[in-house]
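Here's the structure we're looking at; comments come further down.
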Amino acid sequence: EVQLVESGGGLVQAGGSLRLSCAASGFTFDDRAIGWFRQAPGKEHEAVSCISGSDGMTYYAPFVKGRFTMSSDNAKNTVYLQMNSLKPEDTAVYYCAADHHTGIDCGPSYTYDYWGQGTQVTVSS
């Protein structure tokens, strides 16, 4: 059974930092697209960052570029999202997602097959 488990969320003041983790079991991240998404109350899923299963490059949404860094540790089968300079508008539930197929580029949320349960990030002003 494939499972993705996020951790690391919490409450932080504006300007602070958090590091989210997403640990996988039942499969490996190798050559698979892995994305971080977020969903704020009343809003749709929003792509935050992604590691492409095709070229291994990391892509970021414009609103987090320069503040967030996504990385992976294949030995631990875990991906991370380092979030710095957090803003109140970053408040959301953050999810990691993975594509079942290998060699696929990053895509919209509906293209991902596996999702974690989410971790709440709250940034106070």
Side-chain angles (χ1 to χ4, degrees):
E1 180 188 5
V2 175
Q3 278 193 322
L4 301 178
V5 179
E6 302 99 334
S7 61
L11 173 64
V12 64
Q13 287 189 331
S17 299
L18 285 172
R19 189 176 82 152
L20 306 184
S21 300
C22 173
S25 60
F27 88 131
T28 64
F29 285 133
D30 295 347
D31 300 323
R32 288 183 167 91
I34 311 158
W36 282 101
F37 293 81
R38 69 186 187 185
Q39 188 169 25
K43 294 187 177 182
E44 295 185 353
H45 271 108
E46 186 174 49
V48 175
S49 66
C50 174
I51 296 176
S52 171
S54 173
D55 58 14
M57 297 291 290
T58 306
Y59 300 91
Y60 299 94
F63 52 81
V64 302
K65 206 166 185 179
R67 299 189 298 126
F68 291 8
T69 302
M70 183 176 180
S71 60
S72 66
D73 185 335
N74 287 346
K76 295 183 178 179
N77 218 23
T78 300
V79 295
Y80 303 96
L81 185 67
Q82 177 67 43
M83 305 187 297
N84 299 328
S85 302
L86 283 162
K87 304 175 182 180
E89 51 264 45
D90 294 319
T91 295
V93 178
Y94 283 71
Y95 300 87
C96 68
D99 196 318
H100 173 76
H101 301 93
T102 58
I104 305 297
D105 282 330
C106 297
S109 59
Y110 63 82
T111 63
Y112 291 83
D113 301 290
Y114 308 117
W115 290 81
Q117 83 288 351
T119 185
Q120 176 70 47
V121 171
T122 304
V123 184
S124 63
S125 57

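Computed from a prediction, not measured in an experiment: that's the story for all the values here. Numbering starts at 1 and runs along the sequence shown.
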Inset, instruction - Please collect all side chain to side chain donor-acceptor pair (under 3.5 Å) contacts where either partner lies in residues 60-72, sequence neighbours excluded, each pair once. - result: Arg67-Asp90
Legend entry - Nearest-0.5 Å distance that lies between atom CD in Gln39 and atom CD in Glu46: 10.0 Å
Legend entry - Verify same cluster id: Tyr95, Met83 (apolar side-chain graph, 4.5 Å): no
Inset, instruction - Please say which of Ser21, Cys22, Ser49 ends up in a side-chain contact (heavy atoms from CB on, under 4.5 Å) with Val79. - result: Cys22
Legend entry - Partner set under side chain to side chain donor-acceptor pair (under 3.5 Å) for Gln3, not counting sequence neighbours: none
Inset, instruction - Taking all heavy atoms of Ala47 and all of Ala61, pick out the closest pair and write down the distance. - result: O-CB, 3.4 Å
Legend entry - Euclidean distance, Ser25 OG relative to Leu4 CG, rounded to 0.5 Å: 7.5 Å
Inset, instruction - With the side chain counted from C-beta on, respond yes when Val5 and Gln117 share a heavy-atom pair under 4.5 Å apart, and no when they do not. - result: yes
Inset, instruction - Any chance you could measure Tyr94, atom OH, to Ser7, atom OG, to the nearest 0.5 Å? - result: 15.0 Å
Inset, instruction - Tell me, please, which residues at least two apart from Phe37 pass ring pair (Phe, Tyr, Trp, His ring centres under 6.0 Å). - result: Tyr112, Trp115
Legend entry - For Gly103 against Ser54, the heavy-atom pair lying closest together: O-CB, 3.7 Å
Expected list for residues 118-125: side-chain donor-acceptor pairs under 3.5 angstrom, two or more places apart:
residue, atom, partner, partner atom, Å
Thr119, OG1, Gly9, N, 3.1
Gln120, NE2, Ala92, O, 3.4
Gln120, NE2, Thr122, OG1, 3.3

Inset, instruction - Group every Ile, Leu, Val, Met, Phe, Trp and Tyr by side-chain heavy-atom contacts under 4.5 Å, then state whether Phe63 and Phe68 land in the same group. - result: yes
Inset, instruction - Please determine which of Ile34, Val64, Leu20 meets the side-chain contact (heavy atoms from CB on, under 4.5 Å) test together with Met70. - result: Ile34
Legend entry - Same apolar cluster (I L V M F W Y, side chains within < 4.5 Å links), Leu81/Leu11: no
Inset, instruction - Hey, could you give me the OG1/CG distance between Thr28 and Asn74, rounded to the nearest 0.5 Å? - result: 7.5 Å
Inset, instruction - Please name all residues satisfying side chain to side chain donor-acceptor pair (under 3.5 Å) with Ser52, sequence neighbours left out, ordered by chain then number. - result: Asp55, Asp105
Inset, instruction - Look only at the side chain of Asn77 and the backbone of Ala24, and say whether a donor-acceptor pair between them is shorter than 3.5 Å. - result: yes
Inset, instruction - Taking Arg19 for its side chain and Gln82 for its backbone only, find out whether a donor-acceptor pair lies under 3.5 Å. - result: no
Inset, instruction - Just jot down the ring pair (Phe, Tyr, Trp, His ring centres under 6.0 Å) partners of Phe27, sequence neighbours excluded, or say none. - result: Phe29, Tyr114
